[in-house]
2 protein chains.
Amino acid sequence: MRAGGLSNGGNRANFTASAKSVFRTLYASGPATRPQIGAALGLSRPTLSSSMAELDRVGYVEKIGEVQGAVGRKASMYRLGTGAGHIIAVDAGSTHVRLRVSTIDRRLLHSRIYRLPSNQRHLSSEISQAVAEEVDAVRAITEPGWGPLRAVGIALPSRVVDKDGDTVSTRQDYIFAHFTPRPGIPLILENNVNCAAFAEHSHGVAKGRADFVYIQIGLKIGMGIVLRNQLVRGRNGGAGEVSHLSFPWGPGLRPENAALETYVGSEAFLERVRQAWPPEAGAPPIDPAQLLALAEAGHPVAVEHVRHHAEDIGAIVSSAVSIVDPGFVVLGGGIGNNPLILPYVRDVVDRLSYPTQIETSVLGPDATVLGIELLTAEHACALLIEDLEV
Amino acid sequence: MRAGGLSNGGNRANFTASAKSVFRTLYASGPATRPQIGAALGLSRPTLSSSMAELDRVGYVEKIGEVQGAVGRKASMYRLGTGAGHIIAVDAGSTHVRLRVSTIDRRLLHSRIYRLPSNQRHLSSEISQAVAEEVDAVRAITEPGWGPLRAVGIALPSRVVDKDGDTVSTRQDYIFAHFTPRPGIPLILENNVNCAAFAEHSHGVAKGRADFVYIQIGLKIGMGIVLRNQLVRGRNGGAGEVSHLSFPWGPGLRPENAALETYVGSEAFLERVRQAWPPEAGAPPIDPAQLLALAEAGHPVAVEHVRHHAEDIGAIVSSAVSIVDPGFVVLGGGIGNNPLILPYVRDVVDRLSYPTQIETSVLGPDATVLGIELLTAEHACALLIEDLEV
DNA sequence: CTAATTAGTTACGTACCTTAACAAACAAAT
DNA sequence: ATTTGTTTGTTAAGGTACGTAACTAATTAG
């Protein structure tokens, strides 16, 4: 009853432990020679020989060249092969849908960006529509050299929960309004801020940090938490939902639900700025970017507002540091990225909490799609070599 | 150059993987028969036979009896043996020093409680003195049947950091004022609230919860966070230091360093209560216990104050839930334990944050020493079977 | 006392890794 | 061009840690 064709695809290859670790090494660290892998994993040459043969038999590795050391025979260079297949990663953002098709070891095969006709405040059927179209467009140009599709991942601008969580209040199911997952292909959903945090962990300023917190400050405010190199998601996908921090809060002050979101969100912030803008200071800024530009130019009123906002961000970071004490914080997002706010945030955290290194994100708008690519690739890799049955 | 005597002690036995997992099963789940262990681990009877022989050879297991099923031959019951040794766990508290001597599988061998002559606000040399005396007292009565001492653990009322953290501001080194660790015996230090949380995870209401938050409300306020069944400690041992949450905080309100500690601590709380106590309401309470007693009796002024305090606790819990969204929260400590505050905390968290089950601690004042016992036993277990060299 | 059932041991096979020895491929020295 | 030394890769042989199959041992039910 077996299909006579390719040896990969539906079958769950039963690799030896060494073959699995070799595959994972190539997945994680990219192309390498046998001696390099053997040294890294502490495996003997004969073991590497048989592991490579195992993986080559199903097309999971391929030779891409040779490297010559100072002396001695050339070593062959290997990477993951066509048989390992490819993944599709999508950032379903509120303004753009970004899509990357990559191999499991994250070599870019194809990339698309689609500008949504209108900004979407929340995950919506418009976004779903765009995602469906972009993914379909990939299907049309899929090349045989990409190998089988192993997984699809989508970064969502919403809380993401699995089955047992509170899935109603999340808007995550809107993604399925027009987009239909391909049967048999695992679909990974993840919150977009978590994705950006994870990208920062692999390619960005948080590289090598087992524990850190990423805070994204833009239209909305969100936080991604990585502890022991793993994302903290929370029971309801609500980990890092800092907009629900108790606020306002003090003697005689009663916190309100999600009050921080409306206070620190860029729209409310800008509205406060415009209200308080003195007529003699010129025309009030029309958007946060303009306010930041004025502040960068040294406009004293703008600077003062930016400082105040940065201190509020510092208070948020301090609260997070008080809870998880990560030792490292990355500021990202349209506002968080701005170098003006960094010193103020540092001052506040320094004053209120524990020694914490704070840096600005180095990844651009691709952070989110890079993060979901990583998470999707990890899932695909585990599927290929771990013994987890679907 | 080997000492001719016992086979255990300094040597690092090189067990098979199956023997290690058998040992860990007995460590984690207590006495069991071979068929039970085999079924639990998916090991065959011959493998169990040889694993047991391996462990028995160094005295790590011992037979303690036989059990008879419905039909068939009796099965032998095993547990960790004398050769596995024992541990000493100490709760260096501010009012008492509690000490437990136990086997690695947490069978109590000896227990002591010492009431400090005066309450200690912080970790002090007085506490260190008491710990040193209590641990020395154990040495005097140590029985041969306990086997070798494998590890000593101490729960401290301070932040605990390892080498690379900020060890200066911690008072953790006060523990060494009079207490000197035994050379060659690993010493485990852990924050006392983390210990209580961990105990709640193993023996308490949080049993089986991979993720939860424990909040202890008493003279001071502290939080222990467990994610993926592991304590979150933080870079500076500051995880769960909720007294550093941004407070007071609101439009026009500038958070102050550790302001929450002084606001929500029981002394400041009681002082506020006494200040606001109306003369016609009788004598104001002299301590929090009395205030709680009055509230339990229905005294309206007391009830109102307790409600207000409980709402502040709810705000703290909400902030923690906003950051890590554990789905489960345990209230402990002298005040947190009181059933009066539970409904108010639930209401606040329900209003401000995500669906979270909140319960009251079920463990008494032994929680902390039980927690450090667990952590120390885990360390000892890992030392015996994992290949980690000291 | 016999049959059925469960616990534990012995014999033996297999999977997966190792070391040892060898062959192949290369740079540098002769 | 040949030799020498080094590195890569393969082949052969061996060891360890498991498994299965078949046995013995101990117990209950009839």
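In what follows, chains carry the letters A, B, and so on, assigned in the order in which the sequence lines appear, proteins first and then strands, with residues in each chain numbered from 1.
- Contact annotation: A/K74 side-chain N/O to C/dC26 OP1/OP2 distance is under 4.0 Å.
- Between B/Y78 atom OH and C/dA7 atom P there is a gap of 12 Å when expressed in whole angstrom units.
- Summarising the geometry, the separation between CZ on A/R34 and P on D/dG9 is reported as 5 Å, rounded to the nearest angstrom.
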> How far apart are the C-alpha atoms of A/E200 and A/K207, what are their side-chain angles, what is the distance that settles it, and do they pass the salt bridge (Lys or Arg N to Asp or Glu O under 4.0 Å) test?
Replying inline: CA-CA 7 Å; A/E200 211 68 55; A/K207 197 180 295 186; over 6 Å; no

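- Between the side chains of A/S44 and A/T47, at least one donor N or O sits under 3.5 Å from an acceptor N or O.
- Of the residues listed (B/R106, B/R100, B/R107), the one engaging B/E373 in a salt bridge (charged side-chain N to carboxylate O under 4.0 Å, His left out) is B/R100, and it is the only one.
- A heavy-atom distance below 4.5 Å is found between the side chains of A/L43 and A/S21.
- Side-chain contact check for B/R150 versus B/P148: some heavy-atom pair is nearer than 4.5 Å.
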Look for any protein N or O under 3.5 Å of an N or O in nucleotides 28-30 of chain D and output each such pair with its distance, or none.
none

Under-3.5 Å N/O pairs linking protein and nucleotides 17-21 of chain C:
from   : atom 1 : to    : atom 2 : distance (Å)
C/dC17 : OP1    : A/S18 : N      : 3.1
C/dC17 : OP2    : A/T16 : OG1    : 3.4
C/dC17 : OP2    : A/S18 : OG     : 2.7
C/dT18 : OP1    : A/G42 : O      : 3.3
C/dT18 : OP2    : A/S44 : N      : 3.3
C/dT18 : OP2    : A/S44 : OG     : 2.7
C/dT18 : OP2    : A/T47 : OG1    : 2.3

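- Contact check for A/V138 versus A/I88: side-chain heavy atoms found under the 4.5 Å cut-off.
- When the P atom of C/dT6 is taken as reference, atom CE of B/M77 falls 18 Å away, rounded to whole Å.
- In this structure, CZ of A/R73 is placed 18 Å from P of C/dA28, rounded to the nearest angstrom.
- Between the NZ atom of A/K63 and the C1' atom of D/dG9 there is a distance of 11 Å, rounded to whole Å.
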>> I'd like to know whether A/Y60 forms a ring-ring contact (aromatic ring centres under 6.0 Å, His included) with A/F23, so could you lay out the CA-CA distance, the side-chain angles of the two residues, the decisive distance to 0.1 Å, and finally the verdict.
In response: CA-CA 8 Å; A/Y60 281 14; A/F23 186 90; 5.5 Å; yes

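- Applying the ring-ring contact (aromatic ring centres under 6.0 Å, His included) definition to pairs two or more places apart or across chains, none involves residues 27-49 of chain B.
- One can place CD1 of B/I37 at 12 Å from P of C/dA7, the figure rounded to the nearest angstrom.
- The nearest whole Å value for the distance from the CD atom in B/Q36 to the P atom in C/dG8 is 10 Å.
- We find that CD of B/E66 is positioned 13 Å from C1' of C/dT6, with the value rounded to whole Å.
- For C/dG8, one of the phosphate oxygens OP1 or OP2 lies less than 4.0 angstrom from a side-chain nitrogen or oxygen of B/S76.
- Inspection of the B/Q68 and B/R73 side chains reveals no N or O donor paired with an N or O acceptor under 3.5 Å.
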